[in-house]
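Naming: A, B, ... by sequence-line order, numbering from 1 per chain.
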Amino acid sequence: MNISSQIADKVSTVIERMKASGDLPAELDLKGIEIQESRGVNRGEFFSNAAMILAKRINTTPRDLAHNIANKLTLDKFIAQVDVAGPGFINITVADSVWCDLIATILKDSKNYGRSRMGEGKRLHVEYVSANPTGPMHVGHCRGAVFGDTLCNLLSFVGYAVSREYYVNDAGAQIGKLGDTVFIRYLEALGDNIGEIPEGLYPGDYTKSIGQALVGLYGDRLRHVDKADALSIVRQFAVKFLLEEIHNDLACLNVHHDVFFSERSLTENGRDQVAEVIEKLHQLDLIYQGELPRPLGHDYEVWEEREQTLFRSSHFGDDIDRALMKSNGEYTYFAYDAAYHLNKLERNFDQYISVLGADHIGYISRIKSVMSALSEANVMFNVLITQLVRVMRNGELVRMSKRSGTFVALRDMVDEVGCDPIRFMMLMRKHDTTLDFDLKKIVERSKDNPVFYVQYAHARASSILRRAKVVFPLISTCCCDLYDANLLLLNNSGERVLTRELAKFPRVVESAARYHEPHRIAFYLYELASAFHQQHARGNDLPELRFIQPDNPTLTVARLALVAATQLVIACGLKILGVSAPVEMQ
RNA sequence: GUCUCUGUAGCUCAGAAGGAUAGAGCACUGGAUUCCUAAUCCAGGGGUCGCAGGUUCGAAUCCUGCCAGAGACACCA
């Protein structure tokens, strides 16, 4: 149930009746009419723009039409008051009983309050993280992981059947370099003096334990077999080892995937899906041999014109065509990715989303092009970008460099500040804007730090329910009992503000899902927590406003219903964000 | 040079997909704790929504141009 959509029904019913009775032309188009929550004071609780939209279509003044509609709306028991204001806004105040019903509904729906059928059970494929398995996760991966995971939570909450996938880049040159590096570490673990890790390989210390693990498994045997065979073993082992670490790293951030899809598998088991995708594009007449133009704005010391196999992505809005084969005949990364996306399409999802880091912005149009080409433009495919995170400590930028192997490991960060603050903080910004992340500030337990503020509201609600149990040992604080309370007793202004805030949740969820913006949930929870803290604090000055009234069990039960509903909605929102909802703060 | 994103209070950012008098937090000033946890709350000042046009009943929001900042732009993955 959603109050504003109920009002929308009321308004459109009134207008339809006016059309039927001849007050309005029968062919009048109702497009553009909206119900929104009022913002300022003395503007009712909701407003409609109906009169202003319709007036110009039938050549009358908005205020006259507004009064006309208002008079008919007033007759509805659902609505307590209707006013016409400004250029022709219809301001609507709904009946108290509507708000009471809402609280009862929340308590009845429990964890399902705010769910919707928006997704209609459609199968949705979401790819996120997909970091190269050449090292442990670091903070750069963190945002995409949290955003992708939360988006999946959100979209399954509104009724999509979500499949969460990690594309494992376990083929290609970087894996070769990883293998070379780990082989050196292996020799090191056997006691060789290896000196510096050569330029171009992976210099970080994390490869040492992989070398040691290989010694534990093979002793010195790999040293004596053919180098190519040894490297092949080492590569596979290293990828498996690092994937396991990545898996663990993600788990401690509460991030999960259903499928880890191997890039290498595209050309295994007697099939070459890369060749297949190129053949398919060939049949569509989208492949040719040619040379790419020299890019502008770059000073290349060496520029060679090379003929290679190109895909006509420029037919689909890309700037230039893109290479599928290198001049030496190998597949490009993009060719593998094209095959991967064909594979996705063959698995027949209804919609696709890819969450990519900001460094892949230039990649979007080519992958969208190939999706359009392969599906004949008949697919819903969104690419969402997570922008850079600047890691700070006490206002100072933490320098990171891939080359020297210095970066903040995800695991270390979780150990230092905890999963909840990281997730919440990452979601306090829109995904496509850059974000400063201060390791020092994020552990501060202050209002500066919204995660504690929201969690505290949940803990406070829990605490009040516990306390009520002490004062009134006989009453039940279970949601299933509280909705029978006499909710009409919730009539002071702070309680109304809080109730209205609770009413917004389904709408916030739906718009967050529709626009793929989970940060809206985080902001909403902050506001809800604020309304709750405020109401609690009013009890400091005015004891009659406290939730627990020792001499009035009936009133107490009504107020506990509001507390329980608040607790429920906060818990529900935090669940979507993948953040815990503590029953007490220590 | 091309493309993408960003520009809102001193700082960090929201702004519900065109609505009425643009909102939070931080910081600053002043106040509240024998109390359902003060990790909280109350009050106050602070704005040319980058600039200029346009679209319409109405623009921070949509369109065009300009200014400023960030990022991406061969066979890497």
Round to a whole Å and report the spacing from [atom1] of [X] to [atom2] of [N].
{"X": "A/Met52", "N": "B/U56", "atom1": "CE", "atom2": "C1'", "answer": "12 Å"}
{"X": "A/Ile53", "N": "B/G18", "atom1": "CD1", "atom2": "C1'", "answer": "9 Å"}
{"X": "A/Gln387", "N": "B/A72", "atom1": "CD", "atom2": "C1'", "answer": "10 Å"}
{"X": "A/His458", "N": "B/C36", "atom1": "NE2", "atom2": "C1'", "answer": "16 Å"}

Of the nucleotides [options], which one has an atom closest to the side chain of [X]?
{"X": "A/Phe89", "options": "B/G15, B/A20, B/A77", "result": "B/A20"}
{"X": "A/Arg460", "options": "B/A77, B/A38, B/C5", "result": "B/A38"}
{"X": "A/Phe47", "options": "B/A17, B/G19, B/A77", "result": "B/G19"}
{"X": "A/Asn49", "options": "B/U6, B/G19, B/U56", "result": "B/G19"}
{"X": "A/Asn132", "options": "B/G15, B/G19, B/A77", "result": "B/A77"}
{"X": "A/Asp541", "options": "B/A32, B/C57, B/C76", "result": "B/A32"}
{"X": "A/Glu517", "options": "B/U40, B/A17, B/A20", "result": "B/A17"}
{"X": "A/Arg43", "options": "B/A39, B/A16, B/U21", "result": "B/U21"}
{"X": "A/His360", "options": "B/A77, B/A16, B/A39", "result": "B/A77"}

Touch class at under 4.0 angstrom, heavy-atom based, for [X] against every strand present:
{"X": "A/His536", "result": "base"}
{"X": "A/Arg429", "result": "sugar-phosphate"}
{"X": "A/Ala335", "result": "nothing"}
{"X": "A/Phe523", "result": "sugar-phosphate"}
{"X": "A/Ala85", "result": "base"}

What integer number of Å spans the [atom1] atoms of [N] and [M]?
{"N": "B/G50", "M": "B/A68", "atom1": "C1'", "value": "7 Å"}
{"N": "B/U37", "M": "B/G45", "atom1": "P", "value": "34 Å"}
{"N": "B/A16", "M": "B/C26", "atom1": "P", "value": "23 Å"}
{"N": "B/G47", "M": "B/A39", "atom1": "P", "value": "33 Å"}
{"N": "B/C49", "M": "B/C62", "atom1": "C1'", "value": "16 Å"}
{"N": "B/G23", "M": "B/G15", "atom1": "C1'", "value": "7 Å"}
{"N": "B/U48", "M": "B/G53", "atom1": "C1'", "value": "16 Å"}
{"N": "B/U64", "M": "B/A72", "atom1": "P", "value": "26 Å"}

With side-chain contact (heavy atoms from CB on, under 4.5 Å) as the test, would you mind laying out the steps for A/Ile33 and A/Ser48 before giving the verdict?
CA-CA 7 Å; A/Ile33 295 181; A/Ser48 173; 4.0 Å; yes
Assign each of A/Arg514 and A/Asn169 to its nearest nucleotide of RNA chain B by heavy atoms, then name whichever residue's nucleotide is nearer the 5' end.
A/Arg514
Could you check A/Ser38 against A/Phe334 and say which one's nearest nucleotide on RNA chain B is further toward the 5' end?
A/Ser38
Hey, what's the ring geometry for [X] with [Y], parallel, tilted or perpendicular (30° and 60° as the breaks)?
{"X": "A/His141", "Y": "A/His138", "result": "tilted"}
{"X": "A/Tyr333", "Y": "A/Tyr167", "result": "tilted"}
{"X": "A/Phe311", "Y": "A/Phe316", "result": "parallel"}

Give a yes-or-no answer on whether the side chains of A/Gln567 and A/Ser462 include a donor-acceptor pair shorter than 3.5 Å.
yes
Heavy-atom distance under 4.5 Å between the side chains of A/Phe437 and A/Ile422, does that happen here?
yes
Would you state whether a donor and an acceptor, one from the side chain of A/Asn91 and one from the base of B/A20, lie under 3.5 Å apart?
yes
Kindly determine whether A/Asp318 and A/Ser369 satisfy side chain to side chain donor-acceptor pair (under 3.5 Å), including the steps that lead there.
CA-CA 7 Å; A/Asp318 200 357; A/Ser369 298; 4.6 Å; no
